[in-house]
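Along the sequence shown, residues carry numbers from 1.
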Amino acid sequence: MTQQTEQKTLTLLNDSPFDIPIPHKALDDPDGLCAVGGDLSVIRLINMYQHGFFPWYSEPDPILWWHPTNRCVLMPSQFHLSRSMRKHLKKHSWEIKINTAFDEVMHHCSISRQSKEGTWISDEIKTAYKELQLSGFAHSVEVWEDSTLIGGFYGVCIDHVFFGESMFSNKENASKTALYALCQYASDIEVELIDCQVESSHLLSLGAKLIDRSIFCDLLKKYCVEAQGNLALTNTKTISWTITP
């Protein structure tokens with residue numbers, strides 16, 4: 001018992017972008033808080049994501065890094081397409097695009113979160129993830145109705161893992177459609193795992209599940225070995241995906 005208590009430590013990151021906390025030392029309360037400080041440079045973000053950490057904080061707080069005890073993940077082949085969703089897709093001829101409106105998607109996600117519980121998608125976060133996008137690591141999956149962006153999400157893709165960050169819907173089922181499209185094309189772009197970070201009833205209804213931190217770390221060692229962007233996603237900027245109900 002004493003040893004377990006001593007292991008729970010909040011790490012203060014140093015200036016090196018390769019300074020990585022130890023996941024199992026994350027606090028139990030609040031669950032998963034593991035480190036504070038550092039920066040949002042491309043190199044640090046890539047290294048932190050590869051080890052399962054993600055930043056989540058609100059200004060003026062310092063940068064906080066999280067690694068929850070239980071991780072919400074989605075295996076693309078296990079996406080649950082409900083009967084009602086299948087009917088919805090047949091009624092709407094929406095277009096799926098990749099990386100054509102990254103800034104807009106982040107903006108809509110920020111507005112969506114702000115109207116609910118407040119947002120962590122600050123100007124600092126937007127700048128950092130824009131740099132990731134320009135470096136080929138961050139991507140937006142967008143749902144368009146005619147020439148109007150109606151939903152989607154953005155995230156970070158390293159090697160064979162897509163780390164989802166935030167989504168929005170301006171029309172019913174729009175973000176769900178974007179996630180379904182990513183799962184449909186996962187094999188084409190060699191994405192083996194989608195990290196949803198924190199559970200929600202919405203994600204669980206789509207086929208996501210909770211796994212133990214240690215299992216998640218093992219999956220990262222299997223699917224997120226190389227610190228490289230996903231070339232297939234990066235090269236789809238002018239390509240539209242067709243979804244099959």
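At a threshold of 4.5 Å between side-chain heavy atoms, the hydrophobic network of Ile, Leu, Val, Met, Phe, Trp and Tyr places I43 and I63 in two separate groups. When hydrophobic clusters are built by joining Ile, Leu, Val, Met, Phe, Trp and Tyr residues whose side-chain heavy atoms come closer than 4.5 Å, directly or via intermediates, V73 is grouped together with W56. Placement of Y154 and Y57 within a single hydrophobic cluster is found when ILVMFWY residues are connected by side-chain heavy-atom separations under 4.5 Å, directly or transitively.
The list of salt bridge (Lys or Arg N to Asp or Glu O under 4.0 Å) pairs with a residue in residues 62-77, not counting sequence neighbours, reads R71-D195.
Side-chain atoms of L182 and P76, non-hydrogen and from C-beta on, never get closer than 4.5 Å to each other. Residues I46 and L132 form a side-chain contact, since some pair of their non-hydrogen atoms from C-beta on lies under 4.5 Å apart. Side-chain contact between I20 and M48: present, with at least one pair of heavy atoms (C-beta onward) separated by less than 4.5 Å. Side-chain contact between F79 and L206 is present, with at least one heavy-atom pair separated by less than 4.5 Å. Two residues are said to be in side-chain contact when any heavy atoms from C-beta on lie closer than 4.5 Å; K222 and H160 fail this criterion. Within the 4.5 Å cutoff, no side-chain heavy atoms of E165 are placed close to those of M106. Within the 4.5 Å cutoff, the side chain of H139 has no heavy atoms near those of the I189 side chain.
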side-chain contact (heavy atoms from CB on, under 4.5 Å) between F216 and L193, worked out
CA-CA 10 Å; F216 179 67; L193 176 70; 4.2 Å; yes
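In this structure, SG in C183 is found 10.0 Å from CD in Q78, a value given to the nearest 0.5 Å. Note that the CH2 atom of W94 and the CD atom of E145 stand 6.5 Å from one another [nearest 0.5 Å]. Between the CD1 atom of I243 and the CD atom of E95 there is a distance of 10.5 Å, given to the nearest 0.5 Å. Taken to the nearest 0.5 Å, the CG atom of L27 stands 5.5 Å off from the CG atom of L10.
Under 3.5 Å, the side chains of Y180 and Q184 contain a donor-acceptor pair of N or O atoms. A donor-acceptor contact under 3.5 angstrom links the side chains of S140 and E142, judged on distance only. For D146 and T148, the side-chain atoms include no donor-acceptor pair closer than 3.5 Å.
Within a 6.0 Å sphere centred on CD of Q228, other residues, nucleotides and ligands contribute more than 12 heavy atoms. Within a 6.0 Å radius of NE2 in H51, other residues, nucleotides and ligands contribute 12 heavy atoms or fewer.
The aromatic rings of H92 and H88 lie parallel to each other, with less than 30° between the two planes, well short of the 60° mark.
For Y185, the side chain to side chain contact (heavy atoms under 4.5 Å, CB included) test picks out D188, W241, T242, with sequence neighbours left out.
Listed for the W65 side chain is a donor-acceptor partner under 3.5 Å among the backbone atoms of G37.
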